[in-house]
Amino acid sequence: MNYQTLLGLLTEKTIISAEQATQINTTEKSQPFSIHWELRSILLLGITFLSTGLGILIYKNIDTIGHNILIGLIAIVCMGCFYYAFMHKKPFSWQEVLGTTNLDDFALLGGCLTFLTLESYLQYQYTIFGTRYGLAAFIPAVLFFFCAYRFDHRGVLSMAITALASGVGVSIAPVQLWEANDFNSLNLIITALLLGSLVIFTGWISEQRDLKKHFSFTYFLLGGNLAFVAALAGLFEFDWKIIYFIAAAVLSYLYITYARQKHSYIFLLMGVVYGYIAVTYGIFKLMPNDLDAFFFMLYFMLTGAGVILFLIKIKEIIGLKK
């Protein structure tokens, strides 16, 4: 039902007068139309196209333009973006900073993306980091964490956490491959589980201490996915499965509890879906191999009914409906 139909019904039932209906209709038609998200989408596309274009430019013209010229152009774009961001920065606060513009946000994002392009190009062409690939990932992580907190930017915070995880991964995986040719690296999975837990703990601290409290969602989302995936990978691939199962179960319980406290659909789904995968694997692993197929059909039928009931009751589960 649109507002004009509603106005007609209210006028017909004499709840409002015809004159009031006309005033409301005029106000509704003349009020400004928000294009906030349209502008953000256009700016995001612009930053994406700029980063993609730089990559294509490097790939297509690397032998004709010259490395130094390309590096100089990328550096100028990067410094220009950071310069604009710093010139328009708001005072630092541990609370959410309001009043930033779309152009401020995307200038910072563009600076961070072009910095990655510049660093990658320098490493590819001049190997400035040698074989210290972890250092190549940690430098952007440190820069992005600083920018995320200084400019109160959750998108850059996501990039910082991703860069940190990449730094840990490339620091460990080559060692394991060299020592034991272990392509299913146990150390890498344990490190991912610990890093994910550390990211989750950082989000919890930021919320409890009220230090960039609004960053907690990003920490919980990225750290939770990393920890859950690491726990499930350990459960599927390695011995001492009970340890990984307990880790997945604890994470699932914590996320479901937190989701009910914060009325969050996404964290409830994370806890339930990852927990369901761990429980299902555990049940099938404990069952004898010659078990009748009817049991598996019955299990999935019952759990399917449980999923439907869960979706019906999801608002009650997270406390949005009594």
Engineer: Please determine whether the number of non-hydrogen atoms from other residues, nucleotides or ligands lying under 6.0 Å from atom NZ of Lys213 exceeds 12.
Structural biologist: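 No, NZ of Lys213 has 12 or fewer neighbouring heavy atoms, counting only those of other groups under 6.0 Å.
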Engineer: Does atom NZ (Lys90) have a neighbourhood of more than 12 heavy atoms from anything else shown, all under 6.0 Å?
Structural biologist: yes
Engineer: Please find the pair of heavy atoms, one from Thr191 and one from Asn187, that lie closest to each other, and give the distance.
Structural biologist: OG1-O, 2.7 Å
Engineer: Can the ring centroids of Phe151 and Phe86 be said to lie less than 6.0 angstrom from one another?
Structural biologist: yes
Engineer: Does Glu207 offer a backbone N or O that forms a donor-acceptor pair with the side chain of Lys212 under 3.5 Å?
Structural biologist: no
Engineer: As a quick check of understanding, evaluate ring pair (Phe, Tyr, Trp, His ring centres under 6.0 Å) for Phe284 and Phe300, giving each step before the final call.
Structural biologist: CA-CA 12 Å; Phe284 287 170; Phe300 285 111; 5.6 Å; yes
Engineer: State, without any angle test, whether Ser206 and Tyr219 hold a side-chain donor-acceptor pair at a distance under 3.5 Å.
Structural biologist: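 Short answer, no.
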Engineer: Side-chain contact, heavy-atom cut-off 4.5 Å: Phe129 with Glu119?
Structural biologist: yes
Engineer: Over all heavy atoms of both residues, which pair between Ser166 and Ala137 is shortest? Give the atoms and the distance, please.
Structural biologist: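 Heavy atoms of Ser166 and Ala137 come nearest at C-CB, 4.1 Å.
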Engineer: Side chains of Ile277 and Phe236, heavy atoms from C-beta outward: is any pair under 4.5 Å?
Structural biologist: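 Yes, at least one pair of side-chain atoms sits under 4.5 Å.
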Engineer: Could you grab the distance from atom CD1 of Ile205 to atom CG of Leu198, nearest 0.5 Å is fine?
Structural biologist: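 The distance works out to 10.5 Å.
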Engineer: Might you confirm whether atom OH of Tyr299 has over 12 heavy atoms from other residues, nucleotides or ligands at distances under 6.0 Å?
Structural biologist: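 More than 12 within 6.0 Å, yes.
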Engineer: In this structure, which one of Phe220, Tyr276, Tyr255, Phe267 forms a ring-ring contact (aromatic ring centres under 6.0 Å, His included) with Phe228?
Structural biologist: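 Only one of Phe220, Tyr276, Tyr255, Phe267 forms a ring-ring contact (aromatic ring centres under 6.0 Å, His included) with Phe228, namely Tyr255.
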Engineer: Does any part of the side chain of Lys89, heavy atoms only, come nearer than 4.5 Å to the side chain of Asp104, both counted from C-beta?
Structural biologist: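 No, every pair of side-chain atoms sits at 4.5 Å or beyond.
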Engineer: To the nearest 0.5 Å, tell me how far Leu73 CG sits from Leu118 CG.
Structural biologist: 11.0 Å
Engineer: Could you report the tightest heavy-atom contact between Ser252 and Gly275, atom names first, then the distance?
Structural biologist: OG-CA, 3.7 Å
Engineer: How about Met87: does its CE atom have over 12 heavy atoms from other parts shown lying under 6.0 Å from it?
Structural biologist: yes
Engineer: Kindly write out the residues that satisfy side-chain hydrogen bond (donor to acceptor under 3.5 Å, both in side chains) with Arg150, not counting sequence neighbours, or none if the list is empty.
Structural biologist: none
Engineer: Given Phe245 and Tyr281, is the ring pair (Phe, Tyr, Trp, His ring centres under 6.0 Å) satisfied, shown in steps?
Structural biologist: CA-CA 9 Å; Phe245 180 83; Tyr281 179 84; 9.1 Å; no
Engineer: Does some side-chain heavy atom of Met159 sit less than 4.5 Å from a side-chain heavy atom of His153?
Structural biologist: no
Engineer: What closest approach, in Å, do Ser158 and Thr218 show between heavy atoms, and which atom pair accounts for it?
Structural biologist: OG-CG2, 3.4 Å
Engineer: side-chain contact (heavy atoms from CB on, under 4.5 Å) with Leu195: which of Leu164, Ile161, Ile200, Ile190?
Structural biologist: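 Of Leu164, Ile161, Ile200, Ile190, side-chain contact (heavy atoms from CB on, under 4.5 Å) with Leu195 is met by Leu164 alone.
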Engineer: Is the CG atom of Asp239 crowded by more than 12 outside heavy atoms at less than 6.0 Å?
Structural biologist: no
Engineer: Could you pull out the closest heavy-atom pair between Gly130 and Gln123, with the gap in Å?
Structural biologist: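 Residues Gly130 and Gln123, closest heavy atoms: O-NE2, 3.0 Å.
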Engineer: Report yes if some heavy atom in the side chain of Val97 is under 4.5 Å from a heavy atom in the side chain of Phe92; otherwise report no.
Structural biologist: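 Side chain of Val97 against side chain of Phe92, heavy atoms only: no contact under 4.5 Å found.
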Engineer: May I have the step-by-step check of side chain to side chain contact (heavy atoms under 4.5 Å, CB included) for Leu143 and Phe82, ending in yes or no?
Structural biologist: CA-CA 12 Å; Leu143 174 64; Phe82 278 122; 4.3 Å; yes
Engineer: Looking only at non-hydrogen atoms, find the nearest pair between Leu193 and Ala230 and report the distance.
Structural biologist: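 Looking at all heavy atoms of both residues, the shortest contact is N-CB, 3.6 Å.
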